[in-house]
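For the numbers below, each heavy atom of this structure counts, side chains included, while hydrogens, waters and symmetry mates do not. Reminder, nothing fancy here: chain letters follow the sequence lines and each chain counts from 1.
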Amino acid sequence: MSPKSALMAKSEPIQSEASARPTLLLAWYDRHRRRLPWRAMPGETSDPYRVWLSEIMLQQTTVKAVGPYFEKFVARWPDVTALGRASQDDVLRMWAGLGYYSRARNLHACAVAVTREHGGVFPDTEEGLRALPGIGPYTAAAIAAIAFDRRTMPVDGNIERVVSRLFAVEEELPQAKPLIQQLAATLLADARAGDETSRAGDSAQALMDLGASICTPKKPACSLCPLNEGCTARALATQETFPRKAPKKSGTLRRGAAFVVTRGGELLVRSRPEKGLLGGMTEVPGSDWLAGQEDATAKQQAPDLKGLSRWQRKVGVVTHVFTHFPLELVVYTAKAEARTRAPEGMRWVPIATLAGEALPNVMRKVIAHALDPSRAPPS
DNA sequence: AATGCGTGGTT
DNA sequence: TAACCAAGCAT
């Protein structure tokens with residue numbers, strides 16, 4: 001054997017390594033897949049409704065946080081037509097606490113559309129799914145692959161990380177998305193002749209499980225990875241530097257005031273506008289939330305009720321951090337006389353039933369702060 | 001294309 | 001602890 005052919009022979013495993021990736025990945029998945037409530041057992045067909053519901057809930061949300069919500073939803077609404085018959089308000093109440101509330105509005109709108117325009121049956125193509133509210137490129141591909149075994153590769157944050165490391169993608173996100181999409185598709189197994197399936201859904205879920213448990217953002221466990229031999233970043237010992245992305249700027253602090261008015265065992269609330277921040281959710285009346293706003297300015301926006309006791313400012317502030325800005329709220333309380341009318345657009349709700357209201361967490365913090373006796377103002 | 005949109009967990 | 005991250009979508 002000549003030195004040259006020895007060299008070629010040595011390079012051979014590298015080539016076969018790349019083409020073996022889909023097989024290695026599926027073999028790993030068969031041994032290490034996570035058992036999750038919305039996943040079908042091996043060999044079982046998955047229910048498109050459950051796949052869809054879980055995919056919507058999992059958008060930018062951890063598996064752990066989704067678990068209880070998923071169980072609550074399927075128990076109350078076992079199929080898409082049941083959800084389509086529900087009121088949007090019931091859906092929002094059930095969603096409260098999970099965040100990104102436009103997902104809940106779109107979830108309901110999607111259930112209505114599937115029920116009325118598709119006879120209660122989900123479209124089984126990416127294109128058909130993509131046309132539904134709340135379903136974007138990722139979710140359409142995920143449902144198509146997982147629920148309908150279409151040969152397509154959804155790319156989420158996990159898969160972006162795994163693929164950008166595997167191929168040492170130097171381009172920054174989000175510009176690198178098309179390239180990563182293309183590279184990710186090379187991890188799909190070929191469709192076998194005489195058998196349309198390629199286990200595309202399993203390949204996608206395998207990459208997500210890999211990203212969640214092994215190819216983690218920090219300190220990835222490369223020694224346990226089924227794809228480690230062909231991983232370019234690992235070979236260069238630069239795993240943790242991928243994916244490349246520009247640092248993002250944090251928003252400016254905004255301030256405001258919240259007004260907690262009680263009438264016996266009831267609380268004065270209103271609903272936020274349908275669109276925008278916390279759209280459609282319940283809140284106590286409050287001022288605008290503005291950068292650099294003075295407390296005195298915010299207080300001028302207190303609701304105007306007759307028969308109200310003096311406003312009392314609670315000690316301290318409520319802080320909350322949204323994706324794009326931090327918020328600081330001062331909290332004022334007052335008591336209303338029995339039978340005081342709620343101002344236009346507001347209503348009284350029993351404090352005992354607040355748990356079932358569509359209250360975002362920031363409002364739960366405000367109410368807890370307001371009702372905390374240790375924060376009573378100095379007398 | 002860049003920005004707005006929640007919340008909880010990890011490091 | 002401040003920063004980052006988590007199965008993205010709509011506009």
So, is [X] close to the [N] phosphate, meaning a side-chain N or O under 4.0 Å from OP1 or OP2?
X: A:Arg161; N: C:dA6; value: yes
X: A:His320; N: B:dG6; value: no
X: A:Asn106; N: C:dC9; value: no
X: A:Tyr101; N: B:dT7; value: yes
X: A:Thr62; N: C:dC5; value: no

Next item on the list: Decide whether a cation-pi geometry holds between A:Arg272 and A:Trp289; the criteria are a distance under 6.0 Å from NZ or CZ to the six-membered ring centre and an angle within 45° of the ring axis.
Entry: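 Because its charged atom sits under 6.0 Å from the ring centre and within 45° of the axis, A:Arg272 does stack over A:Trp289.
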
Item checked: Geometric cation-pi criterion, A:Arg165 with A:Phe242: 6.0 Å, 45° -> no

Checklist line | Pairwise P distance, B:dG8 and C:dC9 [rounded to whole Å] | finding: 22 Å

Checklist line | Whole-Å P distance, C:dA6 and B:dC5 | finding: 22 Å

Note to self: If you only use heavy atoms from C-beta on, which nucleotide in C:dC9, B:dC5, B:dA2 is closest to the side chain of A:His324?
What the structure shows: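 Shortest atom-to-atom distance from the side chain points to B:dC5.
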
Check: Within the distance-only criterion (no hydrogens, no angle test), does the side chain of A:Arg150 pair as donor or acceptor with the backbone N or O of A:Asp124 below 3.5 angstrom?
Finding: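 Here the side-chain-to-backbone pair exists.
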
Item checked: Residue that, paired with A:Ile159, satisfies side chain to side chain contact (heavy atoms under 4.5 Å, CB included) out of A:Leu207, A:Leu183, A:Leu210 ->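 Among the candidates, only A:Leu207 passes.
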
Note to self: Measure CD/A:Gln59 against P/C:dC9 and give the value in whole Å, please.
What the structure shows: 5 Å

